[in-house]
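Worksheet: the structure to be examined is printed underneath.
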Amino acid sequence: MATSPDVAVIGGGVIGLTAAYVLANEGHSVELRDRTDLGTEASWAGAGIIPPGNPDRAATPADRLRAIGSARFPAFAAELRNLTGIDPGYRKCGGIEFLPPHDADVLPLWDHEGIRFARLGRDDLRHLEPIGEVPGDPYHLPDCAQVRNPWLLRALIAACEHAGVRLRPHTPAGRWEFAGGRVTGLRLTTDETVRAGHYLTAAGAWTGFLLEPLGVRLPVRPVRGQIVLLNADVPRHILMVGKRYVVPRGDSRVLIGSTEEPEAGFEKQTTPAAVAGLIRFAARTVPVLAAAAVEKTWAGLRPGSPDGLPYIGRVPGHDNVLVAAGHFRAGIQLSIGTAQLLADLVHGRPPVVPPDAFRLDRPPGAGPKPAFRS
Ligand SMILES: Cc1cc2nc3c(=O)[nH]c(=O)nc-3n(C[C@H](O)[C@H](O)[C@H](O)COP(=O)(O)OP(=O)(O)OC[C@H]3O[C@@H](n4cnc5c(N)ncnc54)[C@H](O)[C@@H]3O)c2cc1C
């Protein structure tokens, strides 16, 4: 059996689902395939932190992509809620970032972008939160926000259905078919073939496997992140300390994250040592959390890239194959900008962000420092 949508999306995480929804709303027939249940990988596992941002003043294309998400998430979440009755849990709870002196070079970036922030004295800090001994200088970011990942994904799946996207979980991509050097089809392991106008590979940490037969070695690798969910009513703000954070969900649940474990490969288990480390971090940061019950622990596989930036664009030599993968620590906040950029590329209209920074064949090495780590 063959299907022939305008766009075939491979991967039903936040990137594939958001792109499918945007493309379908622009009039394309869209089919989305996932090898398993939709929205159950990295996008489900994440903390859902949405840093503040101003797309008109962001310093780099990467910061602009993030800032598009910051600016549009409130309306996008309301749109999904109105359409589907499912609330993605967008909430501007505010954040406190603890910056070590060597990271203070992000302050001019925040300033340039017009992000609201204020350095807190220790007394102001204790007035805001029952904080412990946390290294670094605390900065209040009142416009820092969050979404509830599982709720966002449920809303996106329902919104895609509403927009006419043909959703096909449990249909893994198999092998590409070619004619005259051009991709003419994608065979699925279910014996179906998709013959699409465009193929969008958004398979998170697994995207490299899909692109290898096209002669592309995409250096996207899984980077495991573990999470502990505690039952507690404090703090009220998101607390960010280096690569770790405390995220209050607002319903007596507090999420503690996370590890960065590239060495774990595609292994998605939690480990007693990492869980214990996260609980110690929580108790140091907010001492009353030492007495909090652990409700749940889990891990997810971030799609990591060498410079931390996603790959978004056409596959060299295969014009009808697009990629959107490697969003590492920031796929939720980058999802709306990524979907917009992909829609611009499919339409051939001026892109919302200069796409060069995200091209697949960019040189390796670190780019400019982003204004936020996640
Ligand atoms: C612990 C943790 C904390 C995080 N915190 C944040 C945060 O606070 N803020 C933020 O913005 N981001 C955060 N992230 C990062 C964010 O979750 C990811 O960048 C984002 O989810 C990546 O989305 P994706 O759609 O590319 O990948 P995924 O969600 O992994 O989706 C990829 C999909 O492709 C499917 N697939 C794979 N192979 C195939 C195939 N052959 N055929 C068909 N389908 C296939 C998979 O089954 C999967 O459903 C966090 C991630 C983790 C793990």
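Worth saying up front: this structure is predicted, and the values here are computed from it rather than measured. Ligands are counted one by one from 1 in listed order, and the atoms in each one are counted from 1 as well. Only heavy atoms go into these numbers, but all of them, side chains included; no hydrogens, no water, no symmetry mates.
- Of the options Ala42, Ala203, Ala330, the smallest heavy-atom separation from atom 34 (O) of ligand 1 is shown by Ala203.
- Here's the thing with Trp206: none of its N/O atoms is less than 3.5 angstrom from an N/O atom of ligand 1.
- Residue Thr40 has no N or O atom closer than 3.5 Å to an N or O atom of ligand 1.
- Ionic pairing of Glu261 and Lys243 is not present here: no N-O contact between side-chain nitrogen and carboxylate oxygen is shorter than 4.0 angstrom.
- Clustering of Ile, Leu, Val, Met, Phe, Trp and Tyr side chains at separations under 4.5 Å places Val254 together with Ile96, Phe98, Leu120, Leu125, Leu128, Ile131, Val134, Val228, Leu230, Val234, Leu239, Val241, Val246, Ile256, Val275, Leu278, Ile279, Phe281, Val286, Val288, Leu289, Val294.
- By the 4.0 Å heavy-atom criterion, Pro172 is counted among the residues contacting ligand 1.
- By heavy-atom distance, the residue among Gly300, Pro222, Ala325, Gly331 lying nearest atom 20 (C) of ligand 1 is Gly331.
- Tracing side-chain contacts under 4.5 Å through hydrophobic residues (I, L, V, M, F, W, Y), one never reaches Leu360 starting from Leu322; they form parts of separate clusters.
- Judged by the shortest distance from any of its heavy atoms, Gly257 lies outside the 4.0 Å radius around the atoms of ligand 1.
- Between Ser43 and ligand 1, an N or O atom pair is found at a separation short of 3.5 Å.
- Near Ile227, with a cut-off below 4.0 Å to any heavy atom, the atoms of ligand 1 are 1 (C).
- With ring centers used as reference points, His237 lies under 6.0 Å from His140.
- In this structure, Arg362 forms a cation-pi arrangement with Tyr311, its terminal cationic atom sitting closer than 6.0 Å to the ring centre and no more than 45° off the ring axis.
- Taking a cut-off of under 4.0 Å to the non-hydrogen atoms of Gln333, the atoms of ligand 1 that pass are 9 (N), 10 (C), 11 (O).
- Distances between N or O atoms of Gly16 and those of ligand 1 include no value under 3.5 Å.
- For ligand 1 and Arg329, the ligand atoms under 4.0 Å from any heavy atom of the residue are 6 (C), 7 (C), 9 (N), 10 (C), 11 (O), 12 (N), 13 (C), 14 (N), 15 (C).
- Looking at ligand 1, you'll find an N or O of Ala47 within less than 3.5 Å of one of its N or O atoms.
- Judged by a 6.0 Å distance limit and a 45° cone about the ring axis, Arg35 is positioned over the six-membered ring of Trp206.
- Less than 4.0 angstrom separates some heavy atom of Ile10 from each of these atoms of ligand 1: 42 (N), 43 (C).
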